[in-house]
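Only a predicted model underlies this, so the values are computations on that prediction, with no experimental measurement involved. Naming: A, B, ... by sequence-line order, numbering from 1 per chain.
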Protein chains: 2
Amino acid sequence: MTILVAPKPEAGSKPAQILEAAGRLFLENGYGAVSMDAVSKKANVSKATLYAHFGSKDELFRAMVACECASSTLEGIWDRAMAMPAADGLRLIGITFVTFVLSPKALAVHRVVLGEAHRFPELARAFYEAGPALMVARVSAYLEALNGRGELAIPDIDLATQQFFGLIKANLHMKLLLCLTERPSEATIQRFVDAAVDLFVRGYAPSAI
Amino acid sequence: MTILVAPKPEAGSKPAQILEAAGRLFLENGYGAVSMDAVSKKANVSKATLYAHFGSKDELFRAMVACECASSTLEGIWDRAMAMPAADGLRLIGITFVTFVLSPKALAVHRVVLGEAHRFPELARAFYEAGPALMVARVSAYLEALNGRGELAIPDIDLATQQFFGLIKANLHMKLLLCLTERPSEATIQRFVDAAVDLFVRGYAPSAI
DNA sequence: GTCTATAAATGGATAGAC
DNA sequence: GTCTATCCATTTATAGAC
């Protein structure tokens, strides 16, 4: 499996200019609707230069996705969450995750990778490994810890992790992927996360078994 | 708002041939990767004929999505669910919904609409209205009924509906949209739905308040 | 490495005969 | 309505000078 590395060339260099232009255009318009001409113009670079750095449109697309995936595992929150009571930790994780995943950039990456998943299956896989899979692993570990501390009683950690993500994304994610609604306010996100955590904690409370 | 009508021309006619070919190609390869040439060839029709029926590639794409949306609200299950105890009804709805939404066709439509949501925003909206929105409305009504019967105690029906869909789709939907895994077995679907319904019913049990 | 200019192919869309 | 043949713009990709 191809590992998705984010090369991130030094800022200001031609490759960086090109990748940034490609990012804006591809993420805004999708793979098919963007020409190499458009990229070269947006990057203030000739097409020959473009092809000197990226051998083809496919390659540029892949590189751009890899670059945009520069994985935000949202470091920092895990230790903080671990130090809190279960519900508070879950809320922290939920808010952080939802805020990230509903950001315009994350949505755009999702959209373009989903839209081209047929044609770039390895890219879809690499994207998943570089992003969602990491989050899943972190949350699984966290839930395991809550189990260990006796705060929750989860029989199937894997399944519960997926449920947690499903709960906090609810329909918001899909609606935003479809461009059906503006980005929700902080208050709305808070409401969804609170409700999700309530349900989750109530459902997996040790006493509930 | 444009209503998404599914004209479905009489089987065997040229328009039907064209729409079928367009469906296969667009759903398999995405909008950008399919040429009108390819569609005409697959449909065994000349390009002129194609353009006689569908004025442009955009129009053909729209028509094809409309046709594929020929809305499956999964009639029939609602009355049956209504006659069951809450958990059984939810399981029936869950299984039916997940089986439908994880079908190759539904996934392909999702993928292509998502991928082109930027360029065809009205199409994305029409798709949502013709499919997901109807399901949401049905489930909301069902949950309301459960509330009325005293089997559940749901404070915010709208939110709970979204939670229910999020729970049963969990990560499966996203993974399949990304072509990361084969279609899950009946048993797997059953497992996910059972777990979702358990959590949901436990969380919204009247006694739990 | 970078540019200008261009090759070679393919794309969407149409003209005109039947 | 349907076909064959074709137009013209655009696309990916490259050649050759600096």
Side-chain angles (χ1 to χ4, degrees), chain A residues 7-67 112 115-116 118-120 122-123, chain B residues 7-67 112-113 115-116 118-123:
Chain A
K8 270 289 194 210
E10 57 200 308
S13 68
K14 298 274 176 184
Q17 283 176 46
I18 295 170
L19 278 176
E20 171 165 345
R24 289 192 192 221
L25 291 174
F26 280 134
L27 292 183
E28 177 103 7
N29 305 98
Y31 179 84
V34 173
S35 72
M36 294 297 260
D37 227 10
V39 175
S40 77
K41 267 183 193 129
K42 184 118 187 165
N44 286 320
V45 153
S46 79
K47 270 207 287 185
T49 302
L50 204 173
Y51 276 97
H53 290 280
F54 304 92
S56 69
K57 189 180 175 183
D58 277 24
E59 194 179 320
L60 176 60
F61 183 66
R62 279 176 232 273
M64 165 271 187
V65 172
C67 182
V112 79
E116 304 299 329
H118 270 130
R119 276 151 50 73
F120 298 91
E122 1 69 76
L123 190 64
Chain B
K8 270 289 193 210
E10 56 200 309
S13 67
K14 299 275 176 185
Q17 282 177 46
I18 295 171
L19 278 175
E20 172 165 344
R24 288 191 192 223
L25 291 174
F26 280 134
L27 293 183
E28 178 104 3
N29 305 97
Y31 179 83
V34 173
S35 70
M36 293 297 260
D37 230 8
V39 175
S40 77
K41 265 182 197 131
K42 185 118 188 165
N44 287 317
V45 152
S46 79
K47 268 209 286 187
T49 302
L50 204 173
Y51 275 97
H53 290 278
F54 304 93
S56 70
K57 190 180 176 183
D58 277 25
E59 195 179 319
L60 176 61
F61 183 66
R62 279 177 233 273
M64 164 269 180
V65 172
C67 182
V112 79
V113 173
E116 303 299 329
H118 270 130
R119 277 150 49 75
F120 298 91
E122 1 70 59
L123 189 64

message: Tell me the interatomic distance from A/Asn44, atom CG, to C/dG1, atom P, rounded to whole angstroms.
response: 19 Å
message: For DNA chain D, which residues of residues 47-58 of chain A approach it to below 4.0 angstrom with any heavy atom?
response: A/Lys47, A/Ala48, A/Tyr51, A/Ser56, A/Lys57
- prompt: Just wondering, do A/Tyr51 and A/His53 contact through their side chains at under 4.5 Å, heavy atoms?
  reply: no
field: Nearest heavy atoms of A/Phe54 and A/Glu59, plus distance in Å
entry: CA-OE2, 4.0 Å
query: Do side-chain atoms of A/His118 reach the backbone of B/Asn29 as a donor and acceptor pair under 3.5 angstrom?
result: no
field: For atom NZ of B/Lys41 and atom C1' of C/dG12, their distance in whole Å
entry: 14 Å
message: Contact between A/Phe120 and A/Val65 at the side-chain level, heavy atoms closer than 4.5 Å - yes or no?
response: no
Integer-rounded Å distance: C/dA8 P and A/Met36 CE: 20 Å
message: Does B/Arg24, at its CZ atom, have more than 12 non-hydrogen atoms belonging to other residues, nucleotides or ligands within less than 6.0 Å?
response: no
query: At under 4.0 Å between heavy atoms, what does A/Val34 touch on the DNA or RNA strands: base, sugar-phosphate, or nothing?
result: sugar-phosphate
Side chains of residues 31-43 of chain B: which donor-acceptor pairs under 3.5 Å do they make with residues two or more places apart or in other chains?
from	atom 1	to	atom 2	distance (Å)
B/Tyr31	OH	B/Asp58	OD1	2.4
B/Ser35	OG	B/Ala38	N	3.0
B/Ser40	OG	B/Asp37	O	2.9

task: Indicate, with a heavy-atom threshold strictly under 4.0 Å, whether B/Ser35 touches base, sugar-phosphate, or nothing.
output: sugar-phosphate
- line: Between CG of B/Leu60 and C1' of C/dG11 the distance, given in whole Å, is 15 Å
query: Quick one: A/Asp37 CG to C/dT4 P, roughly how many Å, whole number?
result: 12 Å
